[in-house]
Amino acid sequence: MNEILVLAEHREGELRDVTFEMLGKARELGEASGQAVTALLLGSGLGDMAETVKPHADEVLVLDHGNLKQFNSAVYQPVLADAIKTREPGLVMIGHTAFGVDLAPSLAVALELPFAADCIDLAVEGGTTKATRQIYEGKVNATVSFVDAPTVLVTFRPSAFPVEEAARAGKVTELTIDVPEEPAVRKFLEYVEAAVGDVDITKAEVVVSIGRGLREEENLPMVEELAESLGGVVACSRPVVDAGWLPKDRQVGSSGKTVKPKLYLAIGISGQFQHLSGMKSAETIVAINKDPKAPIFSAADYGIVGDLTKVVPALKEKIAELRA
Ligand SMILES: Cc1cc2nc3c(=O)[nH]c(=O)nc-3n(C[C@H](O)[C@H](O)[C@H](O)COP(=O)(O)OP(=O)(O)OC[C@H]3O[C@@H](n4cnc5c(N)ncnc54)[C@H](O)[C@@H]3O)c2cc1C
């Protein structure tokens with residue numbers, strides 16, 4: 001009850017941002033409610049991951065076992081269930097990632113835990129835990145409360161919280177839990193990295209992103225020229241990929257890539273949460289949209305209300321002028 005347990009997520013030897021995002025939220029909740037923050041690190045050949053996590057938690061539970069080499073929820077779930085039964089945390093936090101989506105529901109069923117998925121916030125008010133989830137494609141935030149239980153389980157949308165600096169001195173504890181073999185019906189075969197095309201939008205410092213507001217493919221060169229004048233790359237929202245104007249590896253968002261450039265220009269993009277989750281950590285966001293009520297303006301540092309076919313050429317001209 002006196003503990004918040006955060007499942008650390010890593011892929012191909014690297015801890016994922018969602019781990020530190022959740023640990024930051026856990027520290028905030030823990031400070032308000034007097035609960036300690038514990039990170040649970042499962043895997044094989046974890047190297048110095050526990051050292052990296054230590055400053056972010058009061059305790060880091062580590063289970064380094066050959067059967068945990070690759071993520072397989074059929075193996076991870078009973079291990080996690082065992083840790084939860086032993087530790088009895090008040091709250092278990094898991095990322096709402098491909099990994100968490102696979103793992104959390106069956107864990108909730110196995111342990112009969114109250115469960116809220118894909119949350120963007122959590123608060124404890126007067127001893128009651130309340131989670132915030134988005135519904136109706138992000139147009140409405142719903143508050144969810146839980147039935148009384150010693151432990152509740154919540155998955156959190158990546159990028160819901162910032163990654164904060166931390167300076168705790170987490171104690172590292174090695175766990176001894178029986179780890180099952182992969183069952184024959186569900187085996188890990190291979191890890192396949194999504195193809196990176198001729199341009200890797202995740203590495204660019206300037207990303208000029210276009211959405212359905214572009215209206216037709218013929219308008220694409222105008223945006224490409226703007227990107228070139230800024231030394232950036234062109235990315236897009238999903239409808240642009242669906243229309244076949246740009247390849248899938250240029251898509252930003254929950255089913256595309258996550259980018260963190262210095263500058264993100266969102267042009268003719270409404271700002272649905274599936275898109276925002278892939279770009280909201282950009283240092284500076286500039287939105288161009290003809291609708292002043294477009295949700296993208298809430299995420300933007302600077303907004304230009306106007307028709308992109310007029311604003312983009314004007315911007316390009318101004319940049320050329322400044323460069324000259
Ligand atoms: C499971 C799932 C996963 C998804 N994954 C992703 C994802 O990874 N990435 C993603 O982007 N989406 C994703 N989506 C789709 C997402 O829900 C939205 O539909 C999508 O982001 C909308 O793209 P958009 O903003 O380009 O288009 P729209 O929502 O149609 O917005 C177009 C915008 O252009 C503006 N506009 C129109 N004409 C002009 C003009 N002349 N000048 C200026 N502005 C103009 C409009 O005002 C509007 O705001 C996903 C959806 C689901 C269900």
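Here the structure is a predicted model, which means the values were calculated and not measured. As the structure lists them, so they are numbered: ligands from 1, and atoms in each ligand from 1.
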Just distances here: any N/O of P239 and N/O of ligand 1 closer than 3.5 Å?
-> no
If you count the atoms of ligand 1 from 1 in the order shown, which ones are under 4.0 Å from a heavy atom of G253?
-> 7 (C), 8 (O), 9 (N)
Heavy-atom nearest neighbour of atom 7 (C) of ligand 1 within options R238, Q251, K293, K248 | Q251
Please say whether Q272 places an N or O atom under 3.5 Å from an N or O atom belonging to ligand 1.
-> no
Using a strict cut-off of 4.0 Å, indicate which atoms of ligand 1 neighbour a heavy atom of G211.
-> 26 (O)
Donor-acceptor under 3.5 Å (N219 side chain, L214 main chain) = yes
Taking the minimum heavy-atom distance to atom 19 (O) of ligand 1, which of R212, K290, H275 ranks first?
-> R212
Please could you name the atoms of ligand 1 that S255 approaches to less than 4.0 Å, counting only its heavy atoms?
-> 3 (C), 4 (C), 5 (N), 6 (C), 7 (C), 8 (O)
Give a yes or no answer on whether the side chain of Y76 reaches the backbone of L68 with a donor-acceptor pair at less than 3.5 Å.
-> yes
With a cut-off of under 6.0 Å to the ring centre and 45° to the axis, is R157 in cation-pi contact with F273?
-> yes
Under 3.5 Å between some N or O of ligand 1 and some N or O of A294?
-> no
For ligand 1, which part of V252 has a heavy atom less than 4.0 Å away: the side chain, the backbone, both, or neither?
-> backbone
Taking the side chain as C-beta and beyond, is there a heavy-atom pair between P261 and T284 under 4.5 Å?
-> no
Ligand-residue contact atoms, ligand 1 with R215, heavy atoms, under 4.0 Å = 38 (N), 41 (N)
Would G278 count as a contact of ligand 1 if the rule is a heavy atom under 4.0 Å away?
-> no
What atoms of ligand 1 come closer than 4.0 angstrom to any heavy atom of G306?
-> 42 (N), 43 (C)
Here the atoms of ligand 1 under 4.0 Å from any heavy atom belonging to G256 are 8 (O)
H56 side chain to G24 main-chain N or O, any donor-acceptor pair under 3.5 Å?
-> no
Listed by chain and number, what are the salt bridge (Lys or Arg N to Asp or Glu O under 4.0 Å) partners of D301, not counting sequence neighbours?
-> none
State which residues pass salt bridge (Lys or Arg N to Asp or Glu O under 4.0 Å) with R168; sequence neighbours excluded, sorted by chain then number.
-> E31, D58
Side-chain donor or acceptor of N72 paired with backbone N/O of R186 under 3.5 Å | yes
Does at least one non-hydrogen atom of S277 fall below 4.0 angstrom from an atom of ligand 1?
-> no
Looking at I296, N289, T309, D291, the heavy atom closest to atom 46 (C) of ligand 1 belongs to N289
Only one of E228, E225, E224 clears salt bridge (charged side-chain N to carboxylate O under 4.0 Å, His left out) with K316; which?
-> E225
Under-4.0 Å salt bridge between E283 and K262 | no
Against heavy atoms of S237, which atoms of ligand 1 measure under 4.0 Å?
-> 11 (O), 23 (O), 24 (P), 26 (O)
Residue G268 vicinity, atoms of ligand 1 by number, heavy atom under 4.0 Å | 26 (O), 32 (C), 33 (C), 34 (O), 44 (N)
Polar contact flag for L308 and ligand 1 (N/O pairs, less than 3.5 Å) | yes
Exam field: side chain S145 to backbone K130, donor-acceptor pair closer than 3.5 Å | no
